[in-house]
Every structure is written in structure tokens, then in C-alpha cells.
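Notes follow once the structure below has been shown.
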2 protein chains.
Amino acid sequence: MKYLIAEDEKDLQKSIATYLSQDANICETASDYHEASEKLELYDYEIVILDINLITGSGLDLLKKLKQQHKKAGVIIISANNSLEDKLQGLDLGADDYITKPFHLAELNSRIKAVLRRGQFGGDDSIYFHEIKLDTLARSAYVNDMPIALTRKEYDLLLFFITNQGRVLSKAIIAEHLWGDDSDLLDNFDFIYVHINNLRKKLTNEGAKYIQTAYGSGYKFIAD
Amino acid sequence: MKYLIAEDEKDLQKSIATYLSQDANICETASDYHEASEKLELYDYEIVILDINLITGSGLDLLKKLKQQHKKAGVIIISANNSLEDKLQGLDLGADDYITKPFHLAELNSRIKAVLRRGQFGGDDSIYFHEIKLDTLARSAYVNDMPIALTRKEYDLLLFFITNQGRVLSKAIIAEHLWGDDSDLLDNFDFIYVHINNLRKKLTNEGAKYIQTAYGSGYKFIAD
DNA sequence: TGGATTCTTAAGTTATTCTAAAGTATAGCT
DNA sequence: AGCTATACTTTAGAATAACTTAAGAATCCA
């Protein structure tokens, strides 16, 4: 999962990022309105944690923009003051949940989990694609109900493919999503070949091929 | 958003229209097969609410037609009886969701929202030119719904042609666009002939020629 | 520390892109 | 109209860039 943490209090930002990175998530951060706005426009996130009171602009504006762009990220609002109005307005604008400062990281985490559960995947913890099933809670995969042992990166890659099925994903996009933009790997995408190869080997189901090469542009996930 | 409500029960039609108009949507209505068919042909809608059991014809036929015309409206089927077959057939034909009479308007509304969310409407993913369709996300091309395997350059070239249809494009312009101005190929455009040739071969559809030579000045993309 | 995972490297394979060359059409000129 | 220079078409194959795959090194994590 890829998160954006839009929060201007540096230490809070950092502690959230550290906490959420624990279970293999990619956390990117934005420290002001402008940075957040830019990142939201450029990249896709599964979860956006959005402080309403950014110094340089309103988080609500960002939320509005996000929804206008039809991005389907789950949004959790952080509000400093206890202003009910802010929260309500946030929820109206399409935020999925809110949390009030100060809060425990564990609570934030469980709210995130809840949003993910409710969210894009129709309240189901499983995602299906033909013979493939992903259990998003256990981070485990099945082909024809037979469990497939995937490593973390393989699971993330498969999830990314399935949630973007049919679409050509360039190596750059894949790298961006699985490794984040601050990674120092991103000048050489060759290692992606390796992950593609490994995932292909594990997915191959009676000769069915899911990951199709779009020569020169990337890969796309289809049902043969 | 613009909706079409194809429903012959006048009072239901009206209450749906009233309800959906609440948040600034345009609702048009059709009370029989013929009217619905005509409106679907003439206009574009984001959402079509389609009663399967129209008195004067089958909603499934309408759905079929709609999909043949490559209209990308989201379709929600209303079925009176609980016939599972109707629903399944509807979904097979490309409906996005269904709802069974009687239903609460709020439920219809939330299904519409879900369809809109899933479908990313407004994010125009396909480009059409007569028999040709380009799926810009999948970077794939179709002629009369038959997939055409294109290489990267061929796809880029076709996309460039379609988005500049009718205009004469010089080899310099094409090269500039497909290869960028920093390329060292740009003192000799001969290789463009090859790409044009390859693309022509792949596009030729029952003798129809799309790429017309403008002798001495370039090429122009037209519908025969 | 030891085992699993992830990344690096490199050799082998394939698809695509470009070059070259021979044939065909077009426009302009006398 | 006929000739010529130039522009375009087409094909085949060479060169290149992109991908696959395997094996080993580095890293991470329990």
C-alpha cells in the first residue's frame, strides 16, 4: 500500500511515517499545501492522511481537488482543534474518516484498516481476478484456491497489477508505486524484470499468462 | 451528470427523476423502447437507468445496441421480477449494476455513485475514429472491435494521427512529435515511410484507407 | 547468525526499429 | 507529351534496444 502523509508538523509526520512503514507500506510525505497538492496530482495513493490545518492552505481544498480528479484514495482527516464543522465538511467532501489530535498511532492505524476494508474493495477483504484471489488482510494469494507463497514485493506487485488490470504500467510507474519516489533505485529499473519473472513463475496456472509484456511501454495484467 | 431514465411506469420514472435531480443532475426520460433507443443514439449520458421490461421492447436489446455504439455510459438495470437470468444476461452485456423492484431511491442513488466511482467517468480513456478505437490506458487498438497488435511507435503514430485528424502532418512534424527534437535521426526521415507502411498494413480494413498521402507535404488521416 | 528476500549483474533471446536498396508514382519542365 | 528529378512505397535484413532468465551478492529480518 502507498500512503501520503500531508502534515506540517515534522515530528508527527515522521512518527506516522515510521509507524505505518512497519508493515511494508510505502509512505510519502508532504509538508505543506503545495507539496501535497502536487503529489496528489502526480501519483496515486491508496490512503491519504490529510491534516486539515496545513499552514499554507486548507486541507479541505485538497480533498475537494482530489475528489474532482476522481482519484479513489481513501482519505483520513486529521484535525487539530475539535471543530465539528471541519470534520463534517470533510466527510461531506468525501473523506472516509477523521481523527482528532492528539491521537495514538494505533488508533490511526485501525482507522486506516477500516477504511481500506470498507473502501474500494466493496467491503470485502478479498480481491478477485479470475482464478486469482488476494486476501488483503493476510496479504496472501491463491490461484484456484491453492495458496501461492508470495514475498512482500511480489504481493505488492500483484496487488498493483490487479487493481490496475488492463492498463499498461510502465516500469517507472511500477517502481514509483512499489518503491516510492525517494528511493535511490529509480535510475535503473532492471530489477523489476526479476520481480516480474518471479511473479510470473508463481502465477502460471496451467499455462495461463496474466502478465503481458507491452514491448517498449511496460506490462499489463489481463486474463489471457 | 446527465442521466437517462428508461422506464415505462410513469410514476416511478417521475420519482426517480425528481430524486436524482436533487443534486444538480440533468435527468431525461424515455417511456418506451423506441424513445429510449432514439435518445441513446442521439445523446450522451453518464448514467442510463434501464428497465429491462419495457412494454414495447427489451431493455437488453437497448443495452446491446448501446455497447455496440461504444457509448461509455454507466448502465444500471431495473428488473421487475426477480429473474436471475435477466440480471446475469444484463451484466454479461455490460451493465454495471442492477436493482430489483421495488427499491428505495436511496439505494439506487448509492449504486449510481458506486458505478460512477468505479467507472472514472470524465476520465475519457478511449478515443474513437470511425471503425478505430484506441484504449489509451491499455495502449491497445481495435478496428471494428477486433484487436490490432501495434508496436509502440505504431501506436504513437496512430494516436498522433487520430488526434490530428484531417490535418496534413509533415514528416518533420511527425518525427518531431514521435522522436523529439534531440534525436539524431532527424536529418533523414526515410524511416518514417516504413512506419507509415506498417501502420497502413495493419489498419487496412476492407480496403478502407485512413492514411492519405499529401504528396510533397506529408500525410493526412481521414475516413476514406 | 542463518534463512529468506531483494537487488545486481550478465549472458542469452526476441521484438522492434532503422537502413538500404530497388521499384513505382508524381510534379514540373521543355 | 515525354523526360527528369524528386518523392513515396515496399521489402528484406542488420542493428539496436528491450526483455527474460539464472545465479550469485547484498541486505533485511527473525
Side-chain angles (χ1 to χ4, degrees), chain A residues 18 21-26 139-141 147-158 160-161 168-180 182-204 207 209-221, chain B residues 139-141 148-158 160-161 168-180 182-204 207 209-221:
Chain A
T18 309
S21 300
Q22 278 171 11
D23 34 43
N25 298 302
I26 307 296
R139 291 178 60 89
S140 55
I148 304 293
L150 296 181
T151 68
R152 227 180 9 230
K153 286 292 177 210
E154 286 160 8
Y155 176 86
D156 286 342
L157 184 56
L158 179 56
F160 189 48
F161 268 128
V168 170
L169 301 170
S170 68
K171 287 202 278 352
I173 294 282
I174 292 172
E176 196 347 89
H177 195 87
L178 264 74
W179 283 268
D182 50 349
S183 167
D184 55 348
L185 295 168
L186 299 190
D187 47 344
N188 173 17
F189 297 136
D190 286 355
F191 60 92
I192 290 183
Y193 291 134
V194 178
H195 291 289
I196 295 276
N197 188 235
N198 292 338
L199 186 55
R200 270 182 173 154
K201 272 193 265 183
K202 294 190 181 177
L203 280 188
T204 303
K209 297 228 188 297
Y210 298 102
I211 302 174
Q212 194 180 68
T213 306
Y215 201 102
S217 0
Y219 293 92
K220 91 184 134 170
F221 203 76
Chain B
R139 289 181 62 91
S140 52
I148 305 294
L150 297 180
T151 68
R152 183 158 63 109
K153 286 286 180 226
E154 286 160 7
Y155 176 88
D156 288 343
L157 184 56
L158 178 55
F160 188 51
F161 269 129
V168 171
L169 302 170
S170 69
K171 286 203 264 35
I173 295 280
I174 292 172
E176 161 62 40
H177 191 261
L178 263 75
W179 283 267
D182 51 346
S183 167
D184 54 348
L185 296 167
L186 299 190
D187 45 343
N188 172 16
F189 297 138
D190 286 356
F191 59 92
I192 290 182
Y193 293 134
V194 178
H195 290 290
I196 295 277
N197 187 238
N198 292 338
L199 185 55
R200 270 181 173 154
K201 271 193 266 183
K202 293 189 181 179
L203 279 188
T204 303
K209 297 232 190 294
Y210 299 101
I211 302 173
Q212 196 179 66
T213 306
Y215 198 100
S217 34
Y219 295 93
K220 166 162 83 160
F221 203 75

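- Between Asn188(A) atom CG and dC19(D) atom C1' there is a gap of 14 Å when expressed in whole angstrom units.
- Aromatic rings from Phe191(B) and Trp179(B) are positioned such that their centres are separated by under 6.0 Å.
- Candidate nucleotides dT9(D), dC29(D), dC7(C) were compared by shortest atom distance to the side chain of Arg200(B), and dT9(D) ranks first.
- Residue-level contact check: Tyr219(B) touches the backbone only, with heavy atoms under 4.0 Å from sugar-phosphate atoms and none from bases.
- Per the geometry, CD1 belonging to Ile192(B) stands 16 Å off C1' belonging to dT16(C), to the nearest Å.
- Phosphate contact (OP1/OP2 of dT17(C), side-chain N/O of Trp179(B), threshold under 4.0 Å): absent.
- The shortest distance between the side-chain N/O atoms of Lys153(B) and the OP1/OP2 oxygens of dC18(C) is not below 4.0 Å.
- Environment of NZ in Lys202(B): crowded, with over 12 heavy atoms of neighbouring residues, nucleotides or ligands closer than 6.0 Å.
- For Tyr215(B), the listed nucleotide lying nearest its side chain is dA7(D); candidates were dC18(C), dT9(C), dA7(D).
- One can place CG of Asp190(B) at 10 Å from P of dC8(D), the figure rounded to the nearest angstrom.
- The CG atom of Leu199(B) sits 15 Å away from the C1' atom of dT10(D) (whole-angstrom rounding).
- For Lys201(B), counting side-chain heavy atoms from C-beta on, the closest listed nucleotide (dT6(C), dA22(D), dT11(D)) is dT11(D).
- Close to dA15(C), at under 4.0 Å from its OP1 or OP2, lies no side-chain N or O of Thr151(B).
- With hydrogens and angles ignored, the 3.5 Å screen pairs a side-chain donor or acceptor of Arg152(B) with a backbone N or O of Gly216(A).
- Distances shown here put a side-chain N or O of His195(A) below 4.0 Å from the OP1 or OP2 atom of dC7(C).
- Regarding Asn198(B), its CG atom lies at a distance of 10 Å from the P atom of dT10(D), rounded to whole Å.
- Between dT20(D) and Thr213(A), a contact under 4.0 Å exists linking OP1 or OP2 to a side-chain N or O.
- Between Lys171(B) and dC8(D), a side-chain N or O to OP1/OP2 separation shorter than 4.0 Å is present.
- The pair Arg139(A)-Asp156(A) meets the salt-bridge criterion, with a side-chain N (NZ, NE, NH1 or NH2) lying under 4.0 Å from an Asp/Glu carboxylate O.
- For dT21(D), the OP1/OP2 oxygens have a side-chain nitrogen or oxygen of Asn197(A) closer than 4.0 Å.
- One atom, CG of Leu178(A), and another, P of dT6(C), lie 10 Å apart when rounded to the nearest Å.
- Tyr219(A) and Phe161(A) have perpendicular rings, their planes meeting at more than 60° on a 0 to 90° scale where under 30° would count as parallel.
- If you measure from atom CZ of Arg139(B) to atom P of dA15(C), you get 18 Å, rounded to the nearest angstrom.
- We find that CZ of Phe191(B) is positioned 18 Å from C1' of dG13(D), with the value rounded to whole Å.
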